[in-house]
Amino acid sequence: MFEHIDFDTLRAIGLTQGLVNRIFQLPAPPAGALIGRIIETQRDAFTLHDGLRERLARRLHHATQVTVGDWVVAQEDGHGDTWIAEVVEPLTQIARRANDGRRQPLASNVDTALLVMGLDADFNPRRMERYLAMVRACGVVPVVVLTKADIASDAKERAAEIYKRLPATVPVIPVNAHSNEARAAIAPWLHTGQTLVLLGSSGAGKSTLTNTLAGAGQATGGVRAGDGRGRHTTTARSLHLCEQGACIIDTPGLRTWRPDADAESLAATFEDVQGLAMHCQFRDCRHDGEPGCAVRGHIDADRLGNYKKLLRDAARAEMGPLQRQEMRRKWSALGKAGARRSREKRM
Ligand SMILES: Nc1nc2c(ncn2[C@@H]2O[C@H](COP(=O)(O)OP(=O)(O)O)[C@@H](O)[C@H]2O)c(=O)[nH]1
Ligand SMILES: [Mg+2]
Ligand SMILES: [Zn+2]
């Protein structure tokens, strides 16, 4: 049993009841085992925090997948080294599909994702929709944070475009990431026991926002407050404790981020499209100009296009290699038929 573990202390680094329940489902740990949270991933080691102090830990089994935000059972050996024996199955996990199709976890046990996008040249509503769909498919609440409201020239117009385009259920917060107002606006998501992850492209303002939310000059002996290393480019994902009590996971910029979700859960995140689609005349309406379509013309055309593209991508990812081969054969046959037809026309 884990009776010697101080759950109150662990609460300060994000332990919740749901996780406590999972911990007690694990097989009984050896004497002296400790519970901690991964706050940083390094090349071959992990920074583990036990609520009081941090230490370096390595994996006992090399195949164990460890991500920042994970809760783990670890053991100290006689030489002062700490070994990760087991990972508590995460309640939520944000992951992406790498180009080779492998699943790549980004952050575990996250409540809220701050989707950070600059109102400057970084501005891209389609990319934001993709982020939104993926985060919601992982069961994580999205909050859109539009940075550089203080310097971008079309800041007002661009923020208005996002408000209009996204479903009203998604909070959208334009900020200057350096300001105290940013912290006040995001305060409702920063309570003790909460874990947030910041996602967005490089240069969007994630590390700036992390520093602002973490607050300055806080030395509690807990998770490192803010970023002791000052200005830096984020290389590893790392977890910070903010003044209001929440844990914040900063991430490096995401260049490619393909959904790790099936078409059905992606579609569910476009609830505005789905809500209107119930009123289309045809049940299998593709919103492509069919008569009695309730979607086309009522949803931003670019948003609708993006919705369809995401579904296509997800369907392709779900296909097995045989299905994909079959699909390629079909397309190539169609291509040949098309070529034949145009030859015949010319004759
Ligand atoms: N004026 C202004 N500058 C910002 C804002 N957010 C980020 N920056 C600047 O943009 C640059 C990139 O920010 P950074 O936090 O490193 O982006 P990251 O790659 O997402 O972590 C830095 O020079 C920041 O000072 C903002 O809201 N207003
Ligand atoms: Mg950064
Ligand atoms: Zn329709």
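Both ligands and their constituent atoms are indexed starting at 1 by order of listing. Keep in mind that what you see is a predicted model, and the values were worked out from it rather than measured.
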Please identify each residue that fulfils ring pair (Phe, Tyr, Trp, His ring centres under 6.0 Å) with F270, with sequence neighbours left out.
Y307
Pairwise distance NZ(K148) to OG(S153) - rounded to 0.5 angstrom:
12.5 Å
With Q17, which residues qualify under side chain to side chain donor-acceptor pair (under 3.5 Å), at least two apart?
N21
Regarding ligand 1, does A149 bring an N or O atom to under 3.5 Å of one of the ligand's N or O atoms?
no
I'd like to check which ligand 1 atoms, numbered from 1 as shown, lie under 4.0 Å from a non-hydrogen atom of N176.
26 (C), 27 (O), 28 (N)
State whether the side chain of E290 and the backbone N or O of D288 hold a donor-acceptor pair below 3.5 Å, judged by distance alone.
yes
Just jot down the ligand 1 atoms closer than 4.0 angstrom to any heavy atom of I151, in number order.
1 (N), 2 (C)
Side chains of T82 and R58: closer than 4.5 Å at any heavy-atom pair?
no
Counting only protein atoms, how many N/O/S atoms are less than 2.8 Å away from the Zn ion (ligand 3)?
4
Short list, please: which atoms of ligand 1 are under 4.0 Å from a heavy atom of S201?
20 (O)
Taking side chain as C-beta onward, heavy atoms only, is C247 less than 4.5 Å from R37?
yes
Less than 3.5 Å between some nitrogen or oxygen of H178 and one of ligand 1, yes or no?
yes
Under 2.8 Å from the Mg ion (ligand 2), can any N, O or S atom of T210 be found?
no
Any G200 heavy atom less than 4.0 Å to ligand 1
no
What's the shortest heavy-atom distance between R158 and F123, and which atoms?
O-CZ, 3.4 Å
Hey, does T47 have a side-chain heavy atom less than 4.5 Å from the side chain of Q42?
yes
Exercise answer: donor-acceptor pairs, residues 69-80 side-chain atoms, under 3.5 Å, sequence neighbours excluded:
unit_1	atom_1	unit_2	atom_2	d
D70	OD1	S108	OG	2.9
D70	OD2	T67	N	2.7
E76	OE2	R55	NH1	2.2
D77	OD1	H79	N	2.9
D77	OD1	G80	N	3.3
D77	OD1	D81	N	2.9
D77	OD2	W83	NE1	2.9

Main chain of L91, side chain of N109: is a donor-acceptor contact present, judged purely on distance under 3.5 Å?
yes
Atoms in ligand 1 with a heavy atom of K206 nearer than 4.0 Å:
15 (O), 17 (O), 18 (P), 19 (O), 20 (O), 21 (O)
Below 4.0 Å, non-hydrogen atoms only: which portion of T208 touches ligand 1? Side chain, backbone, both or neither.
both
Any idea which of N211, D150, L209 brings a heavy atom closest to atom 1 (N) of ligand 1?
D150
Does the side chain of L213 reach to within under 4.5 Å of the side chain of L114, using non-hydrogen atoms?
yes
Mind checking the CD-CZ spacing from E129 to R126? Nearest 0.5 Å is all I need.
8.0 Å
Within a distance under 4.0 Å of any heavy atom of V175, pick out the atoms of ligand 1 and give their elements.
27 (O)
N or O contact, A177 vs ligand 1, cut-off under 3.5 Å:
yes
